[in-house]
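For reference, the structure is listed below as structure tokens.
As the structure is a computational prediction, the values presented were derived from the model and not from experiment.
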Amino acid sequence: MIRSSSTSSKKKCVKMILYIITPLLILSTLVAVNHLKSNSEVVSKSQNEAIWFVLQLTKEYSEFIYQLQNYQFGKSNHNEMMIQYEILWSRYNTIIDNSMIIHLDHFNGALDKINSHFEMLQLQEPRLLNLPSTHETQALLQRFRADYEELIVFLNYKFRLASGDLEERIRAISEVETVIRYLLLTTLLMGALMAYLLLRESQSHHALAMKDSLTGINNRLWLNQKLRDLEQTNTSFHFYLIDLDGFKRINDTMGHHAGDELLVEVARRLSKLRCKHYCAARMGGDEFAVIELCQPTGNNNSCITEQLTEIFSKPAMFAGSFHSISASIGVSQFPKEAKSVSQVLKQADFAMYEVKQQGKDGLLHYRTLSSLPDNQRVIS
């Protein structure tokens, strides 16, 4: 009993752990999937947005250098060059100050670097304005070309997928995907384990429902199912209906505890009959039943009739001492004598009642004979 209680406690503990872990795994999987989705969107939007603004910035910067070079060679005037400068200036300003460009924040140091180039551009603005009088075009042109090349190198590294901050995010996405796979696999395993435990628990409950709680042998529910199965397969069997003699007197004089001890002892003895093809059950109260399957060879001789008589001839221990016991046993056979389960039960009950009438403590076999009325019996 202690071992059974310990096993039951362990099963409850395992189920409780599964009930806690499984929802956590599902929640973790959902969080990981949401994180994966978020990172994927960041990479996609960041890459697309960054590429567009970088292209626009570098295009305007290249155009500005081209206009400054044309101005140097007299192919454009100062106003045309300054207009391109204003366009480049506005492109920088749009990237740095536009609140709609949120994904550039995901590139560490990108905005700071672009802002430093913008500040350099603004510092050169007075020199650009004074070009008509100073003619420092070559120096400015070299300065802007160097700045442009440095900016191009930085942007190419920062915003390409193969390196920079996006590479870290892509690596993070790959790691999250791996985590999700493991979470899903673990969740499936946990679900399978829960299903297995629930199945085992259901089978255990079913088995318990078929067992007598006091004696541990099969109960009336199991017996009825067994008889129906044997009837459907037309299997030949002997049915023994056993009623303990004087059981009410034992309960009344020695107490129900003594009666329970006797029932447990009888169940134990019935469970140890020397026969391969039999099963025992408690029908309720002080009534027991034994089903003995007939041999396929057609031999209808019983191997437990004498054993049943013997086990009730031996004293039993209850109420602290040994007491003599006896039983009235009625026997019927299917399908030789009884053609249905209800007839089996009626015939066995009828034979058992006849034993009671004849003084108890005996075994009678019911046989119907076509030449005799229904209320007459032949006793074997």
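- The CG atom of L223 sits 12.0 Å away from the CG atom of D212 when rounded to the nearest 0.5 Å.
- In this structure, the side chain of S62 does not engage the main chain of K59 through any donor-acceptor pair within 3.5 Å.
- Pairing each heavy atom of L263 with each of G285, the nearest pair is CD2-O, 3.6 Å.
- Each of Y66 and Y61 belongs to its own hydrophobic cluster when Ile, Leu, Val, Met, Phe, Trp and Tyr are linked at side-chain heavy-atom distances under 4.5 angstrom.
- R269 and E265 are joined by a salt bridge, as a carboxylate oxygen and a charged side-chain nitrogen come within less than 4.0 angstrom of each other.
- Taking each heavy atom of A267 and S271 in turn, the nearest pair found is O-OG, 2.8 Å.
- Closest of all the heavy-atom pairs between S328 and M352 is O-CG, 3.4 Å.
- Between L270 and I242, some side-chain heavy-atom pair lies under the 4.5 Å cut-off.
- In this structure, OG in S332 is found 6.0 Å from NE2 in H365, a value given to the nearest 0.5 Å.
- Within the 4.5 Å cutoff, no side-chain heavy atoms of P315 are placed close to those of H323.
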Side chain to side chain donor-acceptor pair (under 3.5 Å) evaluation trace for Q142 with R145: CA-CA 5 Å; Q142 291 177 352; R145 280 176 176 170; over 6 Å; no
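- Under a 4.0 Å N-O distance rule, the pair K113/E150 qualifies as a salt bridge.
- Judged purely by distance below 3.5 Å, without hydrogens or angles, the side chains of Q138 and Q72 pair a donor atom with an acceptor atom.
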For side chain to side chain contact (heavy atoms under 4.5 Å, CB included), just list the numbers for M254 and F318, CA-CA rounded to whole Å, side-chain angles, deciding distance to a tenth of an Å, and then say yes or no. CA-CA 9 Å; M254 300 182 182; F318 57 90; 3.6 Å; yes
Begin with the C-alpha distance, continue with both residues' side-chain angles, and end with the deciding distance and a verdict on side chain to side chain contact (heavy atoms under 4.5 Å, CB included) for H277 and E292. CA-CA 6 Å; H277 308 287; E292 180 188 14; 5.8 Å; no
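- Scored by the side-chain hydrogen bond (donor to acceptor under 3.5 Å, both in side chains) test, E310 finds no partners at all (sequence neighbours excluded).
- Contacts of K356 classified as salt bridge (Lys or Arg N to Asp or Glu O under 4.0 Å), with partners at least two apart in sequence or in another chain: D243, D245.
- Contact check for I329 versus L364: no side-chain heavy atoms found under the 4.5 Å cut-off.
- Interatomic distance, CZ of F118 versus CG of L151, reported as 13.0 Å (0.5 Å rounding).
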Show me the side-chain donor-acceptor pairs of residues 81-88 shorter than 3.5 Å, one per line, residues at least two apart or across chains.
from, atom 1, to, atom 2, distance (Å)
Q84, NE2, E60, O, 3.3
Q84, NE2, E60, OE1, 2.9
Y85, OH, E125, OE1, 2.8

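- With hydrogens and angles left out, the side-chain atoms of N218 and K211 include a donor and acceptor closer than 3.5 Å.
- One finds the CD atom of Q307 at 8.0 Å from the OH atom of Y278 (value rounded to the nearest 0.5 Å).
- Pairs of residues two or more places apart, or lying in two chains, never qualify as ring-ring contact (aromatic ring centres under 6.0 Å, His included) while including a residue from residues 241-267.
- L241 approaches M283 most closely through the heavy-atom pair CD1-SD, 3.3 Å.
- Side chains of Y148 and T58: a donor-acceptor N/O pair is absent below 3.5 angstrom, by distance only.
- Of all the heavy atoms in N77 and Y71, the pair that sits closest is C-CD1, 3.7 Å.
- Going from atom NZ of K336 over to atom OG of S236 covers 8.5 Å, rounded to the nearest 0.5 Å.
- You'll find the side chain of L128 reaches within 4.5 Å of the side chain of F144, heavy atoms only.
- Residues in residues 219-231 take part in no salt bridge (charged side-chain N to carboxylate O under 4.0 Å, His left out) pair, two or more places apart or across chains.
- Evaluation of the salt bridge (Lys or Arg N to Asp or Glu O under 4.0 Å) rule for K339 yields no partner, not counting sequence neighbours.
- Connectivity analysis of hydrophobic side chains (ILVMFWY, heavy atoms under 4.5 Å, direct or indirect) links Y353 to nothing; its cluster partners are none.
- When only modelled atom types and interatomic distance are considered, N93 and S90 share no side-chain donor-acceptor pair under 3.5 Å.
- The pair E287-R282 fails the salt-bridge criterion, with no side-chain N (NZ, NE, NH1 or NH2) lying under 4.0 Å from an Asp/Glu carboxylate O.
- Legend: ring-ring contact (aromatic ring centres under 6.0 Å, His included) pairs involving residues 324-347, not counting sequence neighbours, sorted by first then second residue: F237-F334.
- In this structure, E306 places its CD atom where only 12 or fewer heavy-atom neighbours from other residues, nucleotides or ligands lie under 6.0 Å away.
- For S342, the side-chain hydrogen bond (donor to acceptor under 3.5 Å, both in side chains) partners at least two apart in sequence or on another chain are S340.
- For the side-chain hydrogen bond (donor to acceptor under 3.5 Å, both in side chains) test, no residue two or more places apart in sequence or in another chain qualifies with S213.
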Determine, step by step, whether Q122 and W89 satisfy the side chain to side chain contact (heavy atoms under 4.5 Å, CB included) criterion, reporting the C-alpha distance in whole Å, the side-chain angles of both residues, the deciding distance to 0.1 Å, and the verdict. CA-CA 8 Å; Q122 291 175 308; W89 189 95; 3.3 Å; yes
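- Listed by chain and number, the hydrophobic cluster partners of M317 are F322, where partners are ILVMFWY side chains within reach of under 4.5 Å, directly or through others.
- Side-chain contact between W222 and I217 is absent, with no heavy atoms from C-beta onward closer than 4.5 Å.
- If you chain together ILVMFWY residues whose side-chain heavy atoms come under 4.5 Å of each other, L123 ends up in a group of its own.
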Evaluate Y92 against H117 for ring pair (Phe, Tyr, Trp, His ring centres under 6.0 Å), listing each step before the verdict. CA-CA 9 Å; Y92 268 115; H117 283 271; 7.3 Å; no
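- Across V341 and L227, no two heavy atoms sit closer than the pair CG2-O, 3.4 Å.
- R143 places a side-chain heavy atom less than 4.5 Å from the side chain of M120.
- Using a 4.5 Å heavy-atom threshold, the side chains of I304 and Y240 count as touching.
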Show, in sequence, the C-alpha distance, side-chain angles and deciding distance for L244 and I325, and conclude whether the side chain to side chain contact (heavy atoms under 4.5 Å, CB included) test is met. CA-CA 8 Å; L244 300 182; I325 61 172; 6.0 Å; no
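- In this structure, CG on N251 lies 10.5 Å from CZ on R249, to the nearest 0.5 angstrom.
- Proximity of V331 to Y366: side-chain heavy atoms (C-beta onward) are nowhere separated by under 4.5 Å.
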